[in-house]
Amino acid sequence: MNRGIAVFSGNANRPFAEAVCRHLEMPLGGCDVFEFSNENIFVSFSENIRERDVFLVQPVVSPVNTRLMELLIMIDAAKRASAGRITAVIPYYAYGRSDKKDQPRVPISARLIANFLEVAGADRVLTVDLHAGQIQGFFNIPLDELTAYPLFAEYFRSSGLERPVVVATDVGGAKSAAKMANRLGSDLAIVDKRRTDNSEQATGSRVIGDVRDRECIVIDDEILTGGTVAVAARLLRERGARSVHLACIHPLFTQGAVELLDAADVEELVFTDSVPVPEGTFRRVSTRVISIAPLIGDAIHRIHTGESVGALFS
Ligand code: R5P
């Protein structure tokens with residue numbers, strides 16, 4: 001193996017893959033990914049990839065099942081074209097919330113997706129902030145999980161907040177929020193959020209930690225309906241927070257999220273470009289995008305040259 005890197009994109013977020021390639025100072029490879037009239041997806045690489053180190057960039061975002069299928073078929077096509085090594089680059093890994101059997105007769109879909117990727121022929125996976133770190137264990141191939149939390153810490157450090165408090169939106173997110181608080185040298189608070197069923201309704205009523213007159217950074221791994229962070233923002237205001245800054249790694253913004261967040265009493269909404277969000281989506285709330293394209297580009301370079309990926313975070 002090794003006639004150099006080749007990077008290709010599915011249809012999920014081509015501008016993102018182009019940004020990764022700009023960082024790598026190389027062109028995005030030619031690959032047609034389209035559907036026939038019977039909705040069958042077809043893939044055709046327009047250049048020779050025999051023995052190349054191939055990276056297929058595809059966040060699994062709406063329409064989720066189509067984008068997933070595109071990625072699987074791209075992997076199959078690359079394998080049959082004799083690629084030397086195939087890495088699925090998945091900035092957002094869907095189905096991550098289905099990572100355990102916590103009710104009777106339910107699937108573990110995150111594991112199923114891992115199986116699909118392996119069976120299709122992926123040799124490695126490169127992803128960013130999985131919903132739960134243990135999803136790594138669903139793979140029998142090497143997986144590099146990057147994290148964008150340090151980029152958020154850097155952003156908020158430079159934005160001049162006074163004695164900020166990092167707020168986790170539930171107990172599950174406390175560990176990641178604590179790491180960010182450590183990087184910022186700030187305090188940690190936790191919202192006691194609970195879900196009682198499979199509806200997407202989050203409830204929260206308590207804040208653990210002191211937020212009165214403090215600048216609060218609410219950080220979550222993903223925002224779907226916006227309910228979780230909106231509830232957190234309201235609770236923090238009720239408890240006397242001086243300012244509320246919302247941040248998330250993966251901005252899915254599903255139904256109603258845009259209206260809800262536009263109406264929230266917050267200073268700003270910060271998110272990465274792991275999921276495409278068209279410009280002008282929000283009218284009222286001030287938004288800030290932190291690009292993870294350079295981080296992914298650096299990781300691709302290191303995977304290719306056999307350097308440490310972990311060193312990116314030390
Ligand atoms: C939950 O465990 C996650 O960390 C997020 O809090 C959740 O996915 C956000 O969903 P929503 O925006 O619909 O409340």
Side-chain angles (χ1 to χ4, degrees), residues 12-17 19-20 23 57-62 64 67 89-94 96-97 127-131 145-159 161 164 166-170 172-173 176-177 179-181 183-184 191 193 200 202 215-233 236 243-297:
N13 194 356
R14 188 167 286 269
F16 179 83
V20 169
H23 187 76
V57 182
Q58 179 89 324
V60 183
V61 295
S62 180
V64 168
R67 298 308 177 221
V89 181
I90 310 175
Y92 175 68
Y93 187 86
R97 274 159 71 157
T127 189
V128 180
D129 289 309
L130 291 163
H131 182 63
E145 181 187 0
L146 308 177
T147 177
Y149 283 90
L151 299 178
F152 281 85
E154 216 174 286
Y155 168 75
F156 284 113
R157 189 179 302 114
S158 64
S159 64
L161 300 183
V166 176
V167 183
T169 56
D170 58 18
S176 307
K179 276 193 197 152
M180 194 169 114
R183 278 185 183 261
L184 282 169
V191 173
K193 177 193 88 170
E200 293 186 304
E215 311 226 61
C216 296
I217 304 167
V218 178
I219 180 97
D220 207 346
D221 65 325
E222 59 183 30
I223 295 180
L224 275 71
T225 64
T228 300
V229 288
V231 166
L236 294 170
S243 67
V244 179
H245 305 255
L246 299 183
C248 80
I249 311 287
H250 305 299
L252 282 310
F253 300 146
T254 58
Q255 87 250 342
V258 172
E259 294 73 17
L260 192 61
L261 297 174
D262 246 345
D265 184 11
V266 299
E267 325 301 314
E268 63 178 338
L269 173 60
V270 189
F271 46 87
T272 77
D273 51 0
S274 70
V275 176
V277 177
E279 260 183 56
T281 295
F282 291 91
R283 295 219 200 144
R284 198 194 132 261
V285 70
S286 142
T287 55
R288 175 71 176 232
V289 179
I290 296 179
S291 182
I292 55 167
L295 179 65
I296 297 232

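Excluded from the calculations below are hydrogen atoms, water molecules and symmetry mates; all remaining heavy atoms, backbone and side chain alike, are included. For the single chain, residues carry numbers from 1 onward in sequence order.
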Could you pull out all residues at least two apart from [X] that satisfy side-chain contact (heavy atoms from CB on, under 4.5 Å)?
| X | value |
| --- | --- |
| Ala247 | Phe152, Phe156, Ile219, Val270 |
| Ala257 | Phe253 |
| Ala17 | Ser9, Leu28, Val57 |
| Cys248 | Ile223, Pro251, Phe271 |

Among all residues two or more places apart in sequence or in another chain, which pass the salt bridge (charged side-chain N to carboxylate O under 4.0 Å, His left out) test with Asp273?
->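 Counting only residues at least two positions away or on another chain, Asp273 forms no salt bridge (charged side-chain N to carboxylate O under 4.0 Å, His left out).
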Calculate, to the nearest 0.5 Å, the distance between atoms [atom1] and [atom2] belonging to [X] and [Y] respectively.
| X | Y | atom1 | atom2 | answer |
| --- | --- | --- | --- | --- |
| Thr228 | Asp221 | OG1 | CG | 9.5 Å |
| Leu246 | Asp220 | CG | CG | 10.0 Å |
| Leu146 | Ser274 | CG | OG | 11.5 Å |
| His245 | Glu267 | NE2 | CD | 5.0 Å |
| Thr147 | Ile249 | OG1 | CD1 | 5.5 Å |

Do the non-hydrogen side-chain atoms of [X] and [Y] ever get within less than 4.5 Å of each other?
| X | Y | result |
| --- | --- | --- |
| Leu184 | Ile217 | yes |
| Thr272 | Leu151 | no |
| Val275 | Phe16 | no |
| Val167 | Cys216 | yes |
| Thr169 | Val229 | yes |
| Ile296 | Val128 | yes |

Could you check whether any side-chain N or O of [X] sits under 3.5 Å from a backbone N or O of [Y], counting only pairs where one atom can act as donor and the other as acceptor?
| X | Y | result |
| --- | --- | --- |
| Arg157 | Arg183 | yes |
| Thr254 | Leu224 | yes |
| Thr127 | Ile90 | yes |
| Thr225 | Gln255 | no |

Please name the pair of heavy atoms, one in [X] and one in [Y], separated by the smallest distance, quoted to 0.1 Å.
| X | Y | result |
| --- | --- | --- |
| Leu252 | Glu222 | CD2-CB, 4.0 Å |
| Ala12 | Val61 | CB-CG2, 4.0 Å |
| Val166 | Ala177 | CG1-O, 3.6 Å |
| Ala148 | Asp129 | N-OD2, 2.7 Å |
| Met180 | Ala153 | CG-CB, 4.0 Å |

Distance-only donor-acceptor pairs under 3.5 Å for side chains of residues 279-289, two or more places apart:
unit_1	atom_1	unit_2	atom_2	d
Thr281	OG1	Pro278	O	2.4
Arg284	NH1	Asp262	O	2.3
Arg284	NH1	Ala264	O	3.2

